[in-house]
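When a residue number appears, it is its place in the shown sequence, counting from 1. Quantities reported herein were computed from a predicted structural model and do not represent experimental measurements.
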Amino acid sequence: MKALVARELSGPSGLAYVDVDEPAGDGNVVVDVGAAGVSFPDLLLIKGEYQLKLDPPFVPGTEVAGVVRSAPADSGFTAGQRVTGLSMLGAWAERVALPPASVLPTPDGLDDGAAVCLLGNYYTMYFGLVRRGGLLAGETVLVLGSAGGVGTAAIQIAKALGARVIAMVHRPGATEFVESLGADVVLPLTDGWAQAVREHTDGRGVDLVVDPVGGDAFDDAIRVLATEGRLLVLGFASGGGIPTVKVNRLLLRNVSVVGVGLGEFINRTPGAQAEIGAGLGRLVEAGLRPPPPVRYPLSEGRAALESLASGGIRGKVVLVP
């Protein structure tokens with residue numbers, strides 16, 4: 001079968017579309033891949049900059065949607081069934097083997113491209129907003145990096161949960177896309193943006209900040225938190241380094257900085273993936289739909305990662321065999 005293989009840790013240039021061995025069943029569910037997700041951590045992984053360090057060659061990719069090719073008799077899945085799943089590696093291929101506990105039925109009404117969008121980013125943001133952030137209906141959420149995959153999910157889930165959303169954009173031409181996601185207020189991430197946020201909250205500040213960006217925006221994001229506000233740390237996509245905070249600022253203002261690490265939580269918490277998936281599934285049943293992803297053929301995976309690295313992707317990019 002064909003797969004996209006990281007042959008060296010040089011970023012997109014190290015990827016090669018080549019023949020590899022078929023995945024072995026061995027108690028796993030083997031899935032014919034209909035779409036595989038691409039995310040910012042994947043980019044870090046193939047550059048050797050992610051916390052998980054791997055020696056090449058390997059097949060990246062953690063998010064998959066497709067059709068069951070074969071499954072253990074006691075897995076609850078059958079050949080021909082449409083499923084989604086999270087894998088440690090291997091999704092950027094024509095077929096992938098997944099542990100049964102990592103597989104869920106695909107929600108009705110979603111094609112494979114839309115279904116795979118709901119995995120990493122939407123699972124992360126449901127976990128972040130609901131479990132880690134304790135979001136309540138009526139609260140105000142500020143989303144940094146709102147035109148990216150995490151930001152897109154954050155806006156849609158926060159709105160579905162009854163929150164007011166202020167979205168920050170720094171990409172030229174991204175405002176219309178972010179407005180289409182349902183954000184109540186869209187502001188440019190330029191000098192003075194924190195004051196603009198205060199003005200749109202009558203000076204109170206926001207209850208929750210979603211920060212997949214890090215870098216220079218972090219300090220101002222702390223400053224715009226209302227009393228008992230929470231800042232969710234999801235990553236450092238700005239490339240401006242990992243920010244720090246003086247904890248006396250948290251004490252004096254009664255605010256919190258909260259880590260959101262979905263993969264680690266799922267690995268340490270039995271049943272967590274199914275629980276998060278069920279909660280997200282209820283929002284899908286109520287009408288939540290991700291925006292159409294940007295699709296690339298698997299054979300053009302290098303170009304897909306280059307577009308992601310350059311900031312040229314709005315929303316989610318997926319690979320289609």
Side-chain angles (χ1 to χ4, degrees), residues 3-6 8-15 33 35-65 84-93 96 98 102 116-129 132 143-154 210-215 218 232-243 258-268 272-273 276 290 293-294 296 298 301-302 304-319:
L4 198 61
V5 177
E8 57 183 39
L9 299 179
S10 58
S13 64
L15 295 171
V33 177
V38 178
S39 62
F40 188 73
D42 294 321
L43 183 61
L44 296 179
L45 182 69
I46 63 174
K47 293 167 67 176
E49 297 176 0
Y50 196 55
Q51 55 258 40
L52 174 64
K53 306 293 184 182
L54 296 176
D55 294 324
F58 59 88
V59 178
T62 60
E63 307 161 339
V64 62
T84 58
L86 293 170
S87 64
M88 288 298 294
L89 286 170
W92 296 355
V96 64
L98 304 173
S102 298
V116 85
C117 288
L118 292 176
L119 291 173
N121 292 333
Y122 283 75
Y123 269 60
T124 294
M125 284 320 312
Y126 187 89
F127 168 65
L129 291 169
R132 302 293 292 139
V143 180
L144 304 178
S146 60
V150 168
T152 296
V210 174
D211 183 10
V213 177
F218 180 83
L232 303 181
V233 177
L234 291 112
F236 315 103
S238 72
I242 298 176
V258 183
V260 180
L262 176 66
E264 180 70 10
F265 185 79
I266 286 177
N267 290 339
R268 292 177 176 270
Q273 182 176 333
I276 296 166
V294 179
Y296 280 81
L298 181 64
R302 180 184 294 184
L305 270 292
E306 288 171 347
S307 292
L308 182 66
S310 69
I313 299 295
R314 295 175 187 166
K316 181 73 171 178
V317 60
V318 301
L319 302 178

Heavy-atom donor-acceptor pair, [X] side chain to [Y] backbone, under 3.5 Å:
| X | Y | answer |
| --- | --- | --- |
| W92 | T62 | no |
| R132 | G259 | yes |
| K316 | V38 | yes |
| Q273 | S102 | yes |

From [atom1] ([X]) to [atom2] ([Y]), nearest 0.5 Å:
| X | Y | atom1 | atom2 | result |
| --- | --- | --- | --- | --- |
| L262 | L86 | CG | CG | 7.5 Å |
| L119 | I276 | CG | CD1 | 11.5 Å |
| F265 | Y123 | CZ | OH | 13.5 Å |
| F58 | I46 | CZ | CD1 | 7.5 Å |
| L305 | L319 | CG | CG | 7.5 Å |
| Y126 | L118 | OH | CG | 13.0 Å |

Check against side chain to side chain contact (heavy atoms under 4.5 Å, CB included), V59 and V96: CA-CA 10 Å; V59 178; V96 64; over 6 Å; no
Partners of [X] by side chain to side chain donor-acceptor pair (under 3.5 Å), sequence neighbours excluded?
| X | value |
| --- | --- |
| E8 | S10 |
| E264 | R268 |
| Y296 | S307 |
| D42 | S39 |

Smallest separation among heavy atoms of [X] and [Y], with atom names:
| X | Y | result |
| --- | --- | --- |
| A65 | V116 | N-CG2, 3.9 Å |
| A147 | T152 | O-OG1, 3.9 Å |
| V5 | P57 | CG1-CB, 3.8 Å |
| A6 | P56 | O-CB, 3.4 Å |
| V64 | A91 | CB-CB, 4.2 Å |
| A154 | V210 | CB-CG1, 3.9 Å |

Hey, does [Y] have a side-chain heavy atom less than 4.5 Å from the side chain of [X]?
| X | Y | answer |
| --- | --- | --- |
| M125 | L234 | yes |
| V233 | F236 | yes |
| L232 | L129 | yes |
| L298 | V33 | no |

With sequence neighbours left out, write down each residue that passes salt bridge (charged side-chain N to carboxylate O under 4.0 Å, His left out) with E49, or none if nothing qualifies. K47
Please enumerate all residues that pass ring-ring contact (aromatic ring centres under 6.0 Å, His included) together with Y122, with sequence neighbours excluded. none
